[in-house]
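Have a look at the structure below before the remarks.
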Amino acid sequence: MFRQLARRFGSIHNSKYFMELEKQFGCHNYHPLPVVLTRGQGVHVWDVEGRKYLDFLAAYSALNQGHVHPKILEAFLHQSQRLTLTSRAFYSDKLGPTEKYISELFGYDKTLFMNGGVEAGESAIKLARRWGYVKKGIPDSRAKIIFAKSNFWGRTIAACASSDDPARYYRFGPFDGLGFELIDYDSPEALEEKLKSDPNVAAFMVEAIQGEAGVIIPQDGYMRKVKDICAKYNVLLIADEIQSGLGRTGKMLACEYDGIKPDILLLGKALSGGFLPVSATLANDNVMLNIKPGEHGSTYGGNPLAMVVAKRAVEVLIEEKMIENSARLGQVMLDALKTFKYDFIKDVRGRGLFIALEMKEEAKNKITAWDFCIKLKERGLLAKPTHETTIRFTPPLNVTDSQLNESLDIIKKTLASI
């Protein structure tokens, strides 16, 4: 097979060559834009032919600090030459200091570090169930977790089981017996109706802003209302801030817009600045200490390299005022996009640099969100559709005024070309 590729493309390792390699030897579980990247720096990336692009996806907000941030890179290189992994069979001199830093920064007693963001969600579910049995008195094997419709937090079996998107659950079941139920997003009334009728609910897990659904922003005060309802019925509120957190919305956490602190907080993606998978589940002792040694863990979770990188990645966000930049330039971008008047645009919405442009359903006959992203790519800007009608714009938070203006010019010209 490899020889066939070599004969087909010769010694020229161009984009088609690398895309064909993935097609032949990889699982077909993604549908990437047809661009093969080889280098990144800050807001920019380059393909294997040397063409330069503005990256306005930023790895689904994992690159809030930009590509290969020099301060994070320095920390990564220094630690990688000393100690990268111990497993949790031994202590390290990096885990405790980073647990302390993150816990105190966000105001929790303890932090549990894992790897991918979905592991933070899985951890939260285990913590909530155990709390439900130990603290709330839910009968064994009866604890329920409530989720919002259109949620997205990964693709493990639990994440699939909690989804109402067929692309997540179809022919991946059965999911019976997990105790997961769905209610409408942005409906405090639906939550209260559920909780007052079911004493076995341990937690409500919800995104402060639904990212994969299309940057869906709830009504002002939604998170405050659900927090109060959860407290009223002795139910834990789990806030999934894996996409919306760490400065993406112009605040450290999207929950801050409603002035609330969830019982369990999920962080990930930009927690490592794009260097390696790091996620975190934060909670106070009344929740965290119900799990005992041997009942939960990860070989790589909390490894020394990840801890050094995570601490430095968060410090960079604060030191370089990237959160403030997200708030300021996010408003600039949102205001500019709203001036683009085309009959096929349904909505422009966002908070900070978490922005979506949604096209009308009937516009798919003219152009899909995928087609629009292809046109943006051809003009030097990378973005990715979510579903068929929405384009998500999430550049690194260190984007400059001139880079943002360049992106707006590309978007404007692309819209005009349709």
Donor-acceptor pair, side chain of Asp335 and main chain of Val332, under 3.5 angstrom
no

State whether the number of non-hydrogen atoms from other residues, nucleotides or ligands found under 6.0 Å of Arg51 atom CZ is greater than 12.
yes

Assess the side chains of Arg248 and Ser61: does a donor N or O sit below 3.5 Å from an acceptor N or O?
yes

Would you say Lys136 has more than 12 foreign heavy atoms packed within less than 6.0 Å of its NZ?
yes

How about Tyr185 and Glu207: does a side-chain donor come under 3.5 Å of a side-chain acceptor?
no

Working for side chain to side chain contact (heavy atoms under 4.5 Å, CB included), residues Tyr257 and Met223:
CA-CA 9 Å; Tyr257 281 96; Met223 293 299 289; over 6 Å; no

Would you kindly say whether Ser92 and Thr86 are connected by a side-chain donor-acceptor distance under 3.5 Å?
no

Show your reasoning for whether side chain to side chain contact (heavy atoms under 4.5 Å, CB included) applies to Phe152 and Asp240.
CA-CA 9 Å; Phe152 180 85; Asp240 178 357; over 6 Å; no

Do Glu361 and Thr389 pair up side chain to side chain, a donor and an acceptor below 3.5 Å, judged on atom types alone?
no

Is the closest basic N to carboxylate O distance between Asp198 and Lys194 below 4.0 Å?
yes

Polar contact flag, side-chain donor to acceptor under 3.5 angstrom, Glu22-His28:
no

Flag yes if more than 12 heavy atoms outside Glu181 fall under 6.0 Å of its CD atom; otherwise flag no.
yes

Measuring from Thr390:OG1 to Ile216:CD1, what's the distance to the nearest 0.5 Å?
6.5 Å

Go through the side-chain N and O atoms of Asp109 and Ser103 and say whether any donor and acceptor fall under 3.5 Å apart.
no

May I ask you to decide whether Arg351 forms a salt bridge with Asp220, counting only side-chain N to carboxylate O separations under 4.0 Å?
yes

Tell me if the NZ atom of Lys360 is crowded by more than 12 foreign heavy atoms within 6.0 Å.
yes

Hey, can you pull the donor-acceptor pairs under 3.5 Å for the side chains in residues 167-177, sequence neighbours left out?
none

Does a donor on one side chain sit under 3.5 Å from an acceptor on the other, for Asn405 and Ser402?
no

Residue pair Asp47 / Tyr53, side-chain donor-acceptor N/O under 3.5 Å:
yes

Given 3.5 Å as the limit, does a donor-acceptor pair link the side chain of Asn200 with the main chain of Ala143, or not?
no

Does Leu353 offer a backbone N or O that forms a donor-acceptor pair with the side chain of Ser326 under 3.5 Å?
yes

Tell me, please, whether Phe204 has Lys227 positioned over its six-membered ring: NZ or CZ under 6.0 Å from the ring centre and within 45 degrees of its axis?
no

Any side-chain donor near an acceptor of the partner, His44 and Asp55, under 3.5 Å
no

No-hydrogen, no-angle side-chain donor-acceptor test under 3.5 Å, Gln79 and Thr84
no

Return yes if some donor-acceptor pair links the side-chain N/O of Asn234 with the main-chain N/O of Cys230 below 3.5 Å, else return no.
no

For salt bridge (charged side-chain N to carboxylate O under 4.0 Å, His left out), just list the numbers for Glu20 and Lys16, CA-CA rounded to whole Å, side-chain angles, deciding distance to a tenth of an Å, and then say yes or no.
CA-CA 6 Å; Glu20 191 66 23; Lys16 289 184 178 179; over 6 Å; no

Is it true that Asp228 and Arg224 make a salt bridge, defined as a side-chain N closer than 4.0 Å to a carboxylate O?
yes

Calculate, to the nearest 0.5 Å, the distance between atoms CG and CG belonging to Leu253 and Leu246 respectively.
7.0 Å

Salt bridge Asp164-Lys149, side-chain N to carboxylate O under 4.0 Å
no

Got a second to check how far Ile418's CD1 is from Lys413's NZ, nearest 0.5 Å?
15.0 Å

Give the table of side-chain donor-acceptor pairs shorter than 3.5 Å for residues 306-315, with sequence neighbours excluded, one pair per line with atom names and distance.
unit_1 : atom_1 : unit_2 : atom_2 : d
Lys311 : NZ     : Glu315 : OE2    : 2.6
Arg312 : NH1    : Glu315 : OE1    : 2.9
Arg312 : NH1    : Glu319 : OE1    : 3.4
Arg312 : NH1    : Glu319 : OE2    : 3.2
Arg312 : NH2    : Glu319 : OE1    : 3.4

List the steps and the verdict of side chain to side chain contact (heavy atoms under 4.5 Å, CB included) for Asp263 and Ile238.
CA-CA 6 Å; Asp263 299 294; Ile238 305 170; over 6 Å; no

Pair Arg328 + Glu324, salt bridge at N-O below 4.0 Å
no

Look at the side chain of Asp258 and the backbone N and O of Ile260, then say whether any donor-acceptor pair between them is shorter than 3.5 Å.
no

Check Glu192 with Lys225, please: is the shortest side-chain N to carboxylate O separation under 4.0 Å?
no

Nearest non-hydrogen partners of Leu54 and Gln403, listed with the distance
CD1-O, 4.0 Å

Would you find more than 12 non-hydrogen atoms of other residues, nucleotides or ligands less than 6.0 Å from Glu74 atom CD?
no

Between Ser163 and Trp153, does any side-chain donor sit less than 3.5 Å from a side-chain acceptor?
no

Checking Lys366 against Phe344: charged group under 6.0 Å from the ring centre and within 45 degrees of the axis?
no

